[in-house]
Amino acid sequence: MMDEQEQTRATCGKDPADRCGVNRDGLQELGKVPQAFPIVKQAATTVGIVAFVLVLALVFQLAELPAPAIAVIAVLVVVVCVLVLVNPHTVRLQTGRGLVFTRLARRQPVRVMRVGGVYQSATYLGFQSCEPVFAYIKAFDVVFEAEEAVRAATGHGVERVLVLGGGGFSWPKHAVFDHDDLHVDVIEIDPAVIQAARRWFYLDMIERYAGRRLRVHEGDGRAVLDKRARRLVAGEPKAQRYDAIVNDTFVGEQPVRALATIEAAQAAHTCLNPGGVYATNVVARDGDTGVLRDTVATLAQVFARVQVIPVEEDAWASDDNYIVVATDGDTQFTGAVPFDEGFLGEVLRDR
């Protein structure tokens, strides 16, 4: 007989529209909550009919009111409906106030967190909650192209990933659901972000589904890298390396400087298995590729190969996104564009 997790996977399937269960607003959580009993469905139908009758009665009563009163009531009803649909909430973060609300994108409801005028996080609602909304999030899947290089060096594929920066946990959710044997550690510095992700972005649901395969830690990403690197250099037997490291850390519109320097790259390199890959998201604001060129130059000082993958994000931002991947392996990543030494910018350092 199949255990509960296997039954869940068999039921959900692998189609994005089917594979992730709805959250607390729906009928089930990743297929683990049983369908409502018939008596509950019958009661819901009865309540709906009664509510419809009451609304009709109210409409007839309102028809007897003066026209200005009817107009005011209509406006109030519209405002209430909009607030219910948008469902706005404010979140106090370390970097300022964030606004969580629901909007339509390509005719689908999407819950977003906007901080400092920038969309920090986004999630589809219901059955597609594990499917990335932003194109650059999906582009982080490029790390799995290092599977063969990691396997040749270690005897296993990409099994352990460190993610720096949680946000709405879009990529960790997607990754642990699509890859049954994957273990992901996520480092998020702001506890309010973690709380918001569990409340509004389905993190609590995927944590229950993945169990120990998804571990969320509150902490500073650079400090975590440095500590793990020191332990590995010291030869501590319990210190393990990762097959991939994903960096998606920003302060507002700016990348976290402490994770962009050559010292941070050296720590990340130490924390990777042979053939492993480091991937970071870089945004070119208003077409300015300065940060991108500096990132490539810095990583090229530490890793044997650095590749740049452009990502189109027309639906959500006017700026250009790039995934920069660095590795000592021989993996040629899909979509990478060539560059020469003239493209390289400044090597960033801690001091």
Side-chain angles (χ1 to χ4, degrees), residues 118 134-153 158 161-165 171 221-222 225 229 242-251 253-314 316-351:
V118 178
F134 300 148
Y136 87 86
I137 294 291
K138 179 69 173 177
F140 274 132
D141 283 356
V142 71
V143 300
F144 296 111
E145 294 184 15
E147 182 88 9
E148 293 305 318
V150 173
R151 189 181 304 281
V158 177
V161 179
L162 174 65
V163 178
L164 304 175
W171 192 80
R222 174 63 187 275
L225 280 180
Y242 292 95
D243 304 310
I245 297 175
V246 170
N247 179 9
D248 189 23
T249 56
F250 287 84
V251 178
E253 296 183 344
Q254 300 300 319
V256 175
R257 167 84 183 193
L259 287 166
T261 63
I262 189 171
E263 290 85 0
Q266 290 167 342
H269 184 273
T270 301
C271 293
L272 283 171
N273 276 319
V277 58
Y278 174 82
T280 183
N281 175 37
V282 178
V283 180
R285 304 293 178 191
D286 300 320
D288 182 1
T289 59
V291 175
L292 175 64
R293 294 167 58 228
D294 293 346
T295 300
V296 174
T298 302
L299 292 174
Q301 295 291 310
V302 179
F303 292 87
R305 303 183 69 185
V306 179
Q307 300 176 49
V308 178
I309 303 171
V311 181
E312 294 185 4
E313 197 72 78
D314 295 337
W316 290 94
S318 58
D319 298 314
D320 298 323
N321 277 78
Y322 298 88
I323 300 298
V324 180
V325 288
T327 183
D328 287 342
D330 58 0
T331 305
Q332 177 61 41
F333 295 97
T334 302
V337 295
F339 59 88
D340 55 27
E341 289 189 5
F343 175 78
L344 300 180
E346 175 188 357
V347 176
L348 303 178
R349 302 182 184 277
D350 285 346
R351 300 179 181 85

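For the pair Ala258 and Ala264, the tightest heavy-atom approach, listed with the atom from each and the gap, is O-CB, 3.3 Å. Taking both residues in full, the closest heavy atoms of Ala229 and Ala267 are given as CB-O, 4.0 Å, listed atom of the first, atom of the second, then distance. Between Val306 and Ala326, the shortest heavy-atom distance links the atoms CG2-CB, 4.1 Å. For the residue pair Gly342 and Arg293, the shortest heavy atom distance occurs at O-NH2, 4.4 Å. Gly335 approaches Pro310 most closely through the heavy-atom pair O-CD, 3.5 Å. Between Val324 and Leu299, the shortest heavy-atom contact is CG1-CD1, 3.7 Å.
No side-chain heavy atom of Val163 sits less than 4.5 Å from a side-chain heavy atom of Phe140. Using a 4.5 Å heavy-atom threshold, the side chains of Ile245 and Leu225 count as touching. In this structure, the side chains of Val291 and Pro255 come closer than 4.5 Å at one or more pairs of heavy atoms. Residues Asn281 and Ile323 are in side-chain contact: their nearest non-hydrogen atoms beyond the backbone lie under 4.5 Å apart. Contact of the Asp248 side chain with the Tyr136 side chain is registered, since non-hydrogen atoms from C-beta on lie closer than 4.5 Å. Counting heavy atoms from C-beta outward, Leu348 and Arg257 have side chains that approach closer than 4.5 Å. Using a 4.5 Å heavy-atom cutoff, the side chains of Val296 and Tyr322 are not in contact.
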Checklist entry - Does the pair Tyr278 and Val302 meet the rule for a side-chain contact (heavy atoms from CB on, under 4.5 Å), with working shown? => result CA-CA 11 Å; Tyr278 174 82; Val302 179; over 6 Å; no
Next on the checklist: Between Thr334 and Val142, is the side-chain contact (heavy atoms from CB on, under 4.5 Å) condition met? List the steps.
Outcome noted: CA-CA 7 Å; Thr334 302; Val142 71; 5.7 Å; no
Checklist entry - What do the steps show when you test Phe333 against Thr327 for side-chain contact (heavy atoms from CB on, under 4.5 Å), and what is the final call? => result CA-CA 10 Å; Phe333 295 97; Thr327 183; 4.0 Å; yes
Checklist entry - How far apart are the C-alpha atoms of Asp330 and Arg305, what are their side-chain angles, what is the distance that settles it, and do they pass the side-chain contact (heavy atoms from CB on, under 4.5 Å) test? => result CA-CA 8 Å; Asp330 58 0; Arg305 303 183 69 185; 4.1 Å; yes
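Judged by distance alone, the side chain of Gln307 and the main-chain N or O of Thr331 form a donor-acceptor pair under 3.5 Å.
Relative orientation of the Phe339 and Phe343 rings is tilted, given thresholds of 30° and 60° on the angle between their planes. Classification of the His269-Phe303 ring pair by plane angle, with boundaries at 30° and 60°, yields perpendicular.
The CG atom of Leu162 sits 5.0 Å away from the OH atom of Tyr242 when rounded to the nearest 0.5 Å. Rounding to the nearest 0.5 Å places OG1 of Thr249 at 4.5 Å from CG of Leu259. Atom CG of Leu344 and atom OG1 of Thr295 lie 11.5 Å apart (nearest 0.5 Å). How far CG of Asp328 is from CG of Asn273: 12.0 Å, rounded to the nearest 0.5 Å. Rounding to the nearest 0.5 Å gives a distance of 4.5 Å between OG1 of Thr261 and CZ of Arg222. Here the CG-CD distance, from Asp320 to Glu312, works out to 9.0 Å after rounding to the nearest 0.5 Å.
For Glu147, the salt bridge (charged side-chain N to carboxylate O under 4.0 Å, His left out) partners are Arg151, not counting sequence neighbours.
Side chains of Gln266 and Gln301: no donor on one and acceptor on the other come within 3.5 Å.
Among Asp243, Val277, Val143, the single residue meeting the side-chain contact (heavy atoms from CB on, under 4.5 Å) criterion with Val150 is Asp243.
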